[in-house]
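Worksheet: one structure, shown below.
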Amino acid sequence: MAAHKANWIADDWVLERFAGWRTSLLKFYPFRFADAALPWFVATAGAMMLDVGLRRLWSSTAPPLLLVLSASALAAAAWLPAPDANASTMPADRHAAWVKTCRWIREHTPADALVGTANETWAVNWYADRAEYVSFKNCPQDAAGIIEWWDRRKLLVRWSGEAKADGSISEDDLADLHRLTGMNFLIVSRYGPIDATPVHQTKPFQVYALQPASQP
């Protein structure tokens, strides 16, 4: 297997770089209100411009016509089918492979299986219907949960560095990851190299079982 240079997650020094500064900016999180305000502003401005234009052309019929157009647009938005959105930022073919991999996890693993991911960690709970050991974007909101979340991420960094010290990740390394975390399955793509046979593969993703090497 060809060598890969991708890390599990960022090293400790990257995670802690500007940590205080980044944390202080969290108090400005309401800036995300712009995600909703901007479309609302554009839609309102467009409606006002349309209203002004219609009033100039047909001053007596503009209000009823604008009402008809608005009602028609609302009905179309509510009833016309729309394609599923891809919010993962993955290319379409990669996203399809990711969904297929997660669905394999859902259909071929125990309901209480604990899943880990290396490079991609998007919507595992949604598509695979399994618990994920840790997710960068799924940070708890309570103090104890945040500490546990941070400790799990650092544990993966340490394990990855030790496991890859000899150039590849062995079955024994995977067994050690299972012992440290309780994870049963690991989904990877460019992370590695892993000197073991995956239990499932939908390129570019592979699924590895993290059971001790001496067990079937």
Side-chain angles (χ1 to χ4, degrees), residues 1-17 19 88 90 94 97-140 142-216:
M1 183 181 293
H4 299 275
K5 296 182 179 180
N7 293 321
W8 184 287
I9 55 176
D11 294 331
D12 283 344
W13 73 273
V14 177
L15 294 176
E16 296 173 358
R17 190 179 185 182
S88 68
M90 299 181 190
R94 190 179 185 89
W98 173 253
V99 173
K100 186 175 181 180
T101 300
C102 288
R103 287 177 177 169
W104 184 92
I105 290 283
R106 183 177 62 191
E107 296 169 359
H108 295 86
T109 66
D112 61 350
L114 184 59
V115 177
T117 58
N119 312 110
E120 284 77 14
T121 179
W122 186 74
V124 173
N125 294 7
W126 179 265
Y127 287 116
D129 194 25
R130 296 293 181 271
E132 186 176 4
Y133 177 70
V134 67
S135 171
F136 174 75
K137 300 203 70 173
N138 189 19
C139 180
D142 63 291
I146 292 174
I147 293 174
E148 175 67 16
W149 172 84
W150 183 251
D151 288 343
R152 290 190 178 195
R153 298 197 69 222
K154 291 196 296 182
L155 184 152
L156 295 182
V157 171
R158 290 194 298 270
W159 173 86
S160 181
E162 295 172 359
K164 294 169 64 176
D166 58 358
S168 66
I169 297 173
S170 66
E171 291 185 351
D172 287 338
D173 292 324
L174 295 180
D176 189 48
L177 180 61
H178 169 73
R179 179 184 62 80
L180 291 171
T181 65
M183 290 194 301
N184 305 109
F185 296 91
L186 173 65
I187 308 175
V188 304
S189 59
R190 62 187 184 273
Y191 177 77
I194 298 178
D195 188 16
T197 303
V199 294
H200 175 75
Q201 184 170 3
T202 301
K203 291 185 178 181
F205 302 105
Q206 303 90 43
V207 180
Y208 292 91
L210 304 186
Q211 301 299 328
S214 60
Q215 295 185 6

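Both cation-pi conditions hold for Arg153 and Trp149: the charged atom is under 6.0 angstrom from the six-membered ring centre and inside a 45 degree cone around its axis.
Pairing each heavy atom of Phe185 with each of Pro110, the nearest pair is CE1-CD, 4.4 Å. For the pair Asp173 and Ser168, the tightest heavy-atom approach, listed with the atom from each and the gap, is OD2-O, 3.8 Å. Here the closest non-hydrogen pair linking Tyr133 and Met183 is CB-SD, 3.4 Å. In terms of heavy-atom proximity, Ser189 sits nearest to Gln206 at O-OE1, 3.5 Å. When all heavy atoms of Ala128 and Ile105 are compared, the closest pair comes out as CB-CG2, 3.9 Å.
Considering only heavy atoms from C-beta on, Trp122 stays 4.5 Å or farther from Thr117 through its side chain. Between Thr109 and Asn184 the shortest side-chain heavy-atom distance does not fall below 4.5 Å. The shortest distance between side-chain heavy atoms of Val207 and Thr202 does not fall below 4.5 Å. The shortest side-chain heavy-atom distance between Glu171 and Asp195 does not fall under the 4.5 Å cut-off. You'll find the side chain of Glu132 reaches within 4.5 Å of the side chain of Asn125, heavy atoms only. For the pair Asp176 and Arg179, the minimum side-chain heavy-atom distance is below 4.5 Å. Contact check for Arg190 versus Pro204: no side-chain heavy atoms found under the 4.5 Å cut-off.
For the atom pair CG (Leu177) and CD1 (Ile169), the distance works out to 8.5 Å, reported to the nearest 0.5 Å. Residue Leu210 holds its CG atom at 9.0 Å from CG of Leu114, rounded to the nearest 0.5 Å. Thr181 contributes atom OG1, which lies 9.0 Å from atom CG of Leu186 (distance to the nearest 0.5 angstrom).
Of the options Trp104, Trp98, Tyr127, a ring-ring contact (aromatic ring centres under 6.0 Å, His included) to Phe205 is made by Trp98 and by none of the others.
Every side chain to side chain contact (heavy atoms under 4.5 Å, CB included) that Arg106 has, sequence neighbours left out, goes to Arg103, Asp129, Arg130.
The main-chain N or O of Leu156 is never found under 3.5 Å from a side-chain atom of Ser160 such that the two would form a donor-acceptor pair.
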